[in-house]
Amino acid sequence: MTATGRAAGVRARADEVRSTVEASPVHDERTAAILGLALGVSFTICFVTGLLSHLAQHPTSWFAWPARPAGLYRVTQGLHVATGLASIPLLLAKLWAVFPHLFRWPPFESAAHLVERVMLVPLVFGSVFLLFTGTANVMHWYPWRFSFTRSHYWVAWMTVGALVAHVGAKAGTTVLALRRRDTTGTSAGATAATAGDGVGPAPSSSPAIPSRRAYLGWTAAASGLVTLTTVGQTVWPLRSAAVLAPRRPDIGPQGVPVNGVPSAEVRAAATSADYRFRVYGDVEEELSLTLEELRSLPGHTAALPITCVEGWSRQATWTGVTVSELMARAGVPASATVDVRVESFQHGSAYQYSTMSDEQARDRDALIAFDLGGEPLHMDHGYPARLIAPNRPGVLQTKWVEAIRVTRR
Ligand code: HEM
Ligand SMILES: Nc1nc2c(c(=O)[nH]1)N[C@H]1C(S)=C(S)[C@@H](COP(=O)(O)O)O[C@H]1N2
Ligand SMILES: [Mo]
């Protein structure tokens, strides 16, 4: 075949694809606009809640994650994972809707159009990457070597940048496509669009082409089904429906799920007669308490959720000694501004240290807890003592605690 023949072949194929596009409401602008709008909303929620999760774990000079409301992180991170999972069917449907446009000929019309199309690369790859890594992470599957949080964080910025550019480029078309009932001027398109709106009779010539309404309906149903079978991990009344969620909030020792079980060394240290709970740092008098002594201090009971970054949460009743009480006993004045580091005897793990701002540490419900639901903590929940404080991501609710270090500002 000659080069001219091949070029003619490519053009013929492109024309064929284009006519399919024009004939099917699944691939028209209105379908793409509706799905794009839905994805714009879900990605915006995902991005904002994801950034909040980042800030809750990496406080900056200009933003300290507050201790109240106690259940705020439960809402933001629950939304993050739920909107992320619900986006998967939306993204697949959107990619399928616009897929034939990849064959457009000529591939671009102007320099601006070329830039717009190049931006689709980070947009599509970034979206797929975020949804894939996020889902794999909550399923505890790590088929990669890079750091999940770092890559998920930076790709989120890249994707949202490309999304802003994409929305800018498509805003006009989207508004027009959403306003108009009839989406194309061609007769084939007009017929299909009518069928897609479900107002006219289906075109008898193309019975195999699904209507837009059916396509969007199935997409919405898939998205709804994903939500219904996972959101019970944090929305208590739906817990029994959470068949696709990695955790059910009511299953686990003492009715609370577990993330991370103790090693043999941690178990040995937890049950050792040498266990001491220490309060040290910028204090008047260091404390070194046996478990008995810790338990005999004035106690406090609080109802607080444990909220994993992975999207599950569980409300429970915890009893222990407040961080404020421990600081007061160690002679830290109530007027001092402190940073508190909570230390685990799970040495060498990523959870060994977690930090609390002054506001978080002095909260009336910030507890070094030893009881859960009125019984001593189960080994898996951090026996003999753990931190539980309002509005903290689960990763910062340190288990198997042996000390708090107080630093005065
Ligand atoms: C199925 C979809 C998704 C799931 C299941 C998911 C899950 C998660 C999880 C579990 C975390 C917490 C990581 C940790 O602190 O250990 C997280 C953080 C984050 N996510 Fe997602 N995510 C999804 C989609 C997205 C999307 C679409 C965006 C942005 C548009 C996004 C942006 C972020 C950001 C900025 C963070 C904070 C990262 C950090 O702490 O450094 N995520 N996500
Ligand atoms: N020392 C230590 N603390 C830890 C962990 C851990 O693995 N080791 N896991 C954290 C995570 S990710 C969560 S979600 C909570 C879970 O607490 P739970 O297992 O009692 O539900 O503990 C946090 N504290
Ligand atoms: Mo967690």
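The chain is numbered in sequence order, starting from 1. Worth knowing before you read on, the calculation uses all heavy atoms, side chains too, and leaves out hydrogens, waters and symmetry mates. Ligands are counted one by one from 1 in listed order, and the atoms in each one are counted from 1 as well.
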| field | Lys/Arg-Asp/Glu bridge criterion (N-O < 4.0 Å) met for Glu116, Lys170 | value | yes

| Hey, do the aromatic rings of Phe132 and Trp141 have their centres closer than 6.0 Å? | yes

| said: Does Phe108, at its CZ atom, have more than 12 non-hydrogen atoms belonging to other residues, nucleotides or ligands within less than 6.0 Å? | reply: no

| request: Look at the side chain of Gln397 and the backbone N and O of Gly394, then say whether any donor-acceptor pair between them is shorter than 3.5 Å. | output: no

| field | Geometric class of the His378/His381 ring pair [parallel <30°, tilted 30-60°, perpendicular >60°] | value | perpendicular

| Should you measure from each heavy atom of Ser344, which atoms of ligand 2 turn up under 4.0 Å away? | 1 (N)

| Which residue supplies the protein heavy atom nearest to atom 16 (O) of ligand 1, what is that atom called, and how far is it? | Thr149 CG2, 3.4 Å

| Under-4.0 Å heavy-atom contact with ligand 1, by part of Trp157 that carries it | neither

| query | Looking at atom 37 (C) of ligand 1, what's its closest protein heavy atom, distance included? | reply | Gly50 O, 3.0 Å

| query | Which of the atoms of ligand 2 are close to Cys308, meaning less than 4.0 Å from one of its heavy atoms? | reply | 14 (S)

| note | When every non-hydrogen atom of Leu39 is compared with those of Ser87, the smallest separation belongs to CD2-O, 4.0 Å

| request: Confirm or rule out an N/O/S atom of Cys46, from backbone or side chain, lying less than 2.8 Å from atom 21 (Fe) of ligand 1. | output: no

| message | Tell me whether ligand 2 is touched by His378 - counting only heavy atoms on the residue side and a distance under 4.0 Å. | response | no

| What is the minimum heavy-atom distance between Pro376 and Asp371, and which atoms define it? | CA-OD1, 3.3 Å

| task | Check if Thr159 has a non-hydrogen atom at a distance under 4.0 Å from any atom of ligand 1. | result | no

| field | Shortest protein heavy-atom distance from atom 13 (C) of ligand 2, along with the residue and atom involved | value | Gly394 O, 3.5 Å

| Based purely on interatomic distance, does Gln397 place a nitrogen or oxygen under 3.5 Å from a nitrogen or oxygen of ligand 2? | yes

| message | Counting non-hydrogen protein atoms only, what is the nearest one to atom 15 (O) of ligand 1? Give residue, atom name and distance. | response | Gln57 NE2, 3.0 Å

| message | Which of the numbered atoms in ligand 1 are under 4.0 angstrom from any heavy atom belonging to Ala156? | response | 29 (C), 32 (C), 35 (C)

| Closest protein heavy atom (residue, atom, distance) for atom 29 (C) of ligand 1 | Leu130 CD1, 3.7 Å

| said: Counting only heavy atoms closer than 4.0 Å, does ligand 2 sit against the backbone of Asn259, its side chain, both, or neither? | reply: both

| field | Expected output: side-chain Lys399 to main-chain Tyr383 donor-acceptor under 3.5 Å | value | no

| message | Just so I know, are the side chains of Arg239 and Arg314 near enough to count as touching, which here means a heavy-atom distance under 4.5 Å? | response | no

| Val258: numbered ligand 2 atoms lying under 4.0 Å from its heavy atoms | 19 (O), 21 (O)

| What do you reckon, is CH2 of Trp157 surrounded by more than 12 foreign heavy atoms closer than 6.0 Å? | no

| request: For residues Val340 and Met327, determine if any side-chain heavy atom of one lies less than 4.5 Å from a side-chain heavy atom of the other. | output: yes

| For the residue pair Phe129 and Phe146, is the inter-centroid distance of their aromatic rings smaller than 6.0 Å? | yes

| note | Ranked by distance from atom 19 (C) of ligand 1, the top protein heavy atom is His152 CD2, 3.2 Å

| query | What about Pro257: any of its N or O atoms under 3.5 Å from an N or O on ligand 2? | reply | yes

| Just wondering, do Arg386 and Ile306 contact through their side chains at under 4.5 Å, heavy atoms? | yes

| remark: Closest heavy-atom approach to atom 5 (C) of ligand 1 among Gly84, Ser151, Gly311, Gly134 is made by Gly134

| field | Closest protein heavy atom to atom 41 (O) of ligand 1, given as residue, atom name and distance to 0.1 Å | value | His54 ND1, 2.5 Å

| field | Options His381, Arg247, Glu310, ranked by nearest heavy atom to atom 18 (P) of ligand 2, top entry | value | His381

| What's the shortest distance from atom 17 (O) of ligand 2 to any protein heavy atom, and which residue and atom give it? | Arg386 NH2, 3.2 Å

| message | Looking at Arg30 and Ala177, would you say the former's side chain and the latter's main chain have a donor-acceptor pair under 3.5 Å? | response | yes

| message | One residue to check: Thr135. Relative to ligand 1, which of side chain, backbone, both or neither has a non-hydrogen atom less than 4.0 Å away? | response | both

| request: Output every pair passing ring-ring contact (aromatic ring centres under 6.0 Å, His included) with a member in residues 293-323, not counting sequence neighbours, ordered by first then second residue. | output: none

| task | Among all protein heavy atoms, pick the one closest to atom 3 (N) of ligand 2 and tell me residue, atom and distance. | result | Lys399 N, 3.0 Å

| request: Find all atoms of ligand 2 within a distance of less than 4.0 Å from any non-hydrogen atom belonging to Trp400, and give their numbers and elements. | output: 1 (N), 2 (C), 8 (N)

| field | Atom indices of ligand 1, in the order listed, that fall short of 4.0 Å to a heavy atom of Asn137 | value | 10 (C)

| request: Go through ligand 1 atom by atom and flag the ones less than 4.0 Å from a non-hydrogen atom of Leu131. | output: 1 (C), 2 (C)

| message | Please verify the inter-ring angle class for Tyr73 with Trp65; under 30° counts as parallel, over 60° as perpendicular, anything in between as tilted. | response | perpendicular

| Considering only protein heavy atoms, which is closest to atom 32 (C) of ligand 1, and at what distance to one decimal place? | His80 CE1, 3.5 Å

| message | Under 4.0 Å, heavy-atom basis, I'd like to know which part of Phe345 is in contact with ligand 2: side chain, backbone, both or neither. | response | neither

| Quick one: nearest non-hydrogen protein atom to atom 1 (N) of ligand 2, plus distance? | Gln346 OE1, 3.0 Å

| query | Looking at side-chain heavy atoms only, is the closest gap between Val81 and Glu310 below 4.5 Å? | reply | no

| What is the closest protein heavy atom to atom 12 (C) of ligand 1, and at what distance does it sit? | Gln77 NE2, 3.7 Å

